[in-house]
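Below: the structure, in structure tokens.
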There are 2 protein chains.
Amino acid sequence: MQRMTRQRSAVTEVLADTDDFRSAQQLHETLRSRGHGIGLATVYRTLQSLADGGEVDVLRTTDGEAVYRRCARREHHHHLICRGCGATVEIEGPGVEAWAAQVGAAHGFEDIEHVVELWGTCARCAARAAHP
Amino acid sequence: MQRMTRQRSAVTEVLADTDDFRSAQQLHETLRSRGHGIGLATVYRTLQSLADGGEVDVLRTTDGEAVYRRCARREHHHHLICRGCGATVEIEGPGVEAWAAQVGAAHGFEDIEHVVELWGTCARCAARAAHP
DNA sequence: CTCGACTTGAGAATGATGCTCATGAAGCGT
DNA sequence: ACGCTTCATGAGCATCATTCTCAAGTCGAG
């Protein structure tokens with residue numbers, strides 16, 4: 001079972017407040033700045049369990065760092081993420097599911113999962129880069 | 001310029017000998033076992049420069065570990081990778097390029113890149129799992 | 001309210017990867 | 001083939017994200 005602790009609700013609250021993908025460290029920072037005393041290890045543990053329960057989406061930046069986001073849809077979907085600030089748009093991958101399963105099976109692979117994410121620079125970050 | 005050293009050619013040779021995605025550590029291991037004296041740092045540096053030059057493909061496992069592969073095609077393409085052993089099949093992503101660029105632009109994002117990879121368990125690893 | 005079981009957190013441990021700098025070797029020019 | 005300049009190497013240390021440890025704290029069922 002999963003207990004509802006002060007720390008756990010603080011994490012879900014912060015996640016609910018942003019639409020961007022954020023790293024565990026960034027979330028921890030935000031939590032501290034809001035006055036919640038919470039340990040980094042707890043943030044990692046909580047994010048892990050939320051991810052296991054499908055309540056948050058996790059993905060890896062090109063640097064290999066894990067970033068988390070509370071998505072609107074619980075069904076599988078994809079993202080367009082800003083490399084600069086983490087701003088995210090949920091997107092559709094038309095026909096991707098079927099294509100992935102079919103290609104996998106055609107090569108004798110089982111338990112197929114697919115990773116389909118778009119990375120770019122959002123308008124705001126592009127503007128910021130233009131005015132240094 | 002890029003000098004051709006004993007170590008560098010050893011790395012490219014090992015990469016040429018496998019079709020699987022391999023981590024820097026695994027490649028280092030293989031190199032040592034073949035009798036090449038080579039430092040881990042050199043393996044990392046060499047892989048990095050090969051990747052920068054587009055001679056090897058790099059991607060991240062779900063654990064965030066970087067894995068490398070000498071691909072047949074130099075043009076952009078996608079992969080179906082075995083989670084167990086790294087065995088890889090190069091695949092086509094029909095229409096993905098155009099779709100990615102279009103979706104990105106529609107949301108005001110620039111410099112769009114896309115990550116499209118399929119992960120699964122290859123037939124050999126599935127069989128191995130069945131006979132413990 | 002009580003108490004056991006789960007959770008927390010500070011700090012240490014781990015693991016991948018990057019950095020340093022003294023030493024080695026590629027390869028250009030001769 | 002011979003130097004010589006310059007870039008490459010490697011052993012070990014540094015860093016950074018993430019996980020582990022375990023004593024102390026706190027949910028929440030009864």
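Applying the 4.0 Å criterion to OP1 and OP2 of dA16(C), one finds that Gln25(B) has a side-chain N or O inside that range.
Separation of atoms CD (Gln25(A)) and CG (Leu40(A)) is listed at 5.0 Å; rounding is to 0.5 Å.
Looking at Cys71(B) and Arg73(B), their side chains never come closer than 4.5 Å, going by heavy atoms from C-beta outward. At least one side-chain heavy atom of Glu117(A) sits less than 4.5 Å from a side-chain heavy atom of His78(A). Counting heavy atoms from C-beta on, the side chains of Leu50(B) and Leu15(B) come closer than 4.5 Å. By the 4.5 Å heavy-atom criterion applied to side chains, Arg6(A) and Ile38(A) are not counted as neighbours.
Atom pair Leu47(A):CG and dG9(C):P shows a separation of 13 Å (rounding to whole Å applied). As a whole-Å value, the separation of Arg22(B) CZ from dA16(C) P is 16 Å. For the pair Gln48(B) CD and dA16(C) P, the interatomic distance rounds to 17 Å; values are reported in whole Å. Rounded to a whole Å, the OH atom of Tyr44(B) is 13 Å from the P atom of dC19(C).
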For nucleotides 20-30 of chain C, read 5' to 3', which letter fits each nucleotide if B means a protein heavy atom sits under 4.0 Å from the base, S means only the sugar-phosphate is that close, and - means neither?
-> B----BBS---
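Residues satisfying the salt bridge (Lys or Arg N to Asp or Glu O under 4.0 Å) test with Asp19(A), not counting sequence neighbours, are none. Remark: Val67(B) pairs with Phe21(B), Ser23(B), Leu59(B), Thr61(B) by the side chain to side chain contact (heavy atoms under 4.5 Å, CB included) rule, at least two apart or across chains. Shown here are the side chain to side chain contact (heavy atoms under 4.5 Å, CB included) partners of Val14(A), two or more places apart in sequence or in another chain: Leu27(A), Thr30(A), Leu31(A), Arg34(A).
Contact footprint of chain A on DNA chain D: nucleotides with an atom under 4.0 Å from a non-hydrogen protein atom, first to last in 5' to 3' order, dA17(D) to dG28(D).
Near DNA chain D, meaning a heavy atom under 4.0 Å away, the residues from residues 56-71 of chain A are Glu65(A), Ala66(A).
Along DNA chain D, the nucleotide closest to Gln7(A) and the one closest to Leu40(A) are compared, and the more 5′ of them pairs with Leu40(A).
For the side chain to side chain donor-acceptor pair (under 3.5 Å) condition, the pairs that include at least one residue of residues 45-54 of chain B, sequence neighbours left out, are Arg8(B)-Ser49(B), Thr42(B)-Arg45(B). Note on residues 59-72 of chain A: pairs passing salt bridge (Lys or Arg N to Asp or Glu O under 4.0 Å), not counting sequence neighbours, are Arg69(A)-Glu90(A). For residues 26-71 of chain A, no residue pair satisfies the ring pair (Phe, Tyr, Trp, His ring centres under 6.0 Å) rule, not counting sequence neighbours.
Summary of helix geometry: the two end axes of the helix from dC1(C)-dG30(D) to dT30(C)-dA1(D), each defined by five base pairs via their C1' atoms, are inclined to each other by 40° (rounded to 10°).
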Using a 3.5 Å cut-off and no angle test, enumerate the donor-acceptor pairs between side-chain atoms of residues 105-113 of chain A and protein atoms at least two apart in sequence or in another chain.
| residue | atom | partner | partner atom | Å |
| --- | --- | --- | --- | --- |
| Glu113(A) | OE1 | Arg83(B) | NH1 | 3.0 |

Can you give each donor-acceptor pair under 3.5 Å made by side-chain atoms of residues 95-104 of chain B, sequence neighbours left out, with the distance rounded to 0.1 Å?
| residue | atom | partner | partner atom | Å |
| --- | --- | --- | --- | --- |
| Glu97(B) | OE1 | His114(B) | NE2 | 3.4 |

